[in-house]
Amino acid sequence: MKIGSQEHRDAFCRHFEQTYTEYDPHTLPWPDLDDAALQRLRAVPFWEEVFYTERRAGAIVAAFTETLTDPVLKSALALQGREETRHADLIRVMIDKYGLNAPERPLEDISTDIDTRFKDFGFGECLDSFLGFGLFKIAWQSEFLPQQIMQIFETLMYEETRHIVFFVNWMAYTEAQRGWLARTLLPLTSFRYYARAIRRMIGLAKRGKDLNDGKNFAATQVSMFLDGFNFRRFLEDCYSENSRRMGAFEPELLRPAFLPQLAEAALKALRLWNARSGLAPDSATSR
Ligand SMILES: [Fe+2]
Ligand SMILES: [Fe+2]
């Protein structure tokens, strides 16, 4: 299948629409939580940010969809917009049900340069999801949150994985349609957007640290979540979970490649470094 061909467009849009799951956030099997679980859920400092991000995502994708003329792309993007808005609804239902402290911040103005905004958003999702895969696995293993809640988040993770697979195919298709130069420069263009996404994430982490310093995420909660946290193991988890989740998609579709490749190179370097320093391989490498 030639990337940028009509066949490619039809394949990634069809796959996206066929893997859609129908559900209503209100009727998901939200569990009743005991006090300890409720406290842990309430201690998570980023619900407000997640809520805002999903609402913003819905607005950006919907606004970008309006600018499209190709009916096949338009229909698939409209579906993604509805899914993002449903993510926001899901988070809202959770906030209300469990009394989480996550006020609804007013959305920023997204009316200008929607094309760049959509691409920034798409590459940002690739970064968030890659790191999210690793965090999700740690959260799952540490049993930080009840299994029923994690199961609900699993639905969300799967949809985010669909979004990024759709996005990288859309990006490759769109650039190829613009001509050979844009097609040839795609790796560079992607690198530039990834660098922007990483800069934004660092800025957000800094602001979050200043805001939350010791306030919300009490030390005991952190230790439960991050007990034995090890950067290399986290990267291994991001990498292996990414491969596992991407395995569910049709082989002929493109997948986000930059971050897995970067992680792979970093892991190789870390192993080499440890071997040179004469450190015994830890469980992360012997797994
Ligand atoms: Fe989302
Ligand atoms: Fe998404």
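Counting convention: from 1, in listed order, for ligands and their atoms alike.
Centred on the Fe ion (ligand 2), the angle running from H163 (ND1) to E84 (OE2) is recorded as 90°, rounding to 10°. Put simply, the angle at the Fe ion (ligand 1) from ND1 in H87 to OE2 in E160 is close to 90°, to the nearest 10°.
The pair R86-D24 does not count as a salt bridge, with every side-chain nitrogen at least 4.0 angstrom from each carboxylate oxygen.
For R162 and F16, the positive end sits near the middle of the six-membered ring, less than 6.0 Å away and at most 45° from its axis.
Outside the 6.0 Å centre-distance limit, the rings of F136 and F153 are not counted as a close aromatic pair.
The minimum distance between the Fe ion (ligand 2) and any N, O or S atom of E125 involves atom OE2. If you look at E54 and ask which of its N, O or S atoms sits nearest the Fe ion (ligand 1), the answer is OE1.
At a cut-off of 3.5 Å, with distance as the only test, no side-chain donor of Y173 or Q6 sits close to an acceptor on the other residue.
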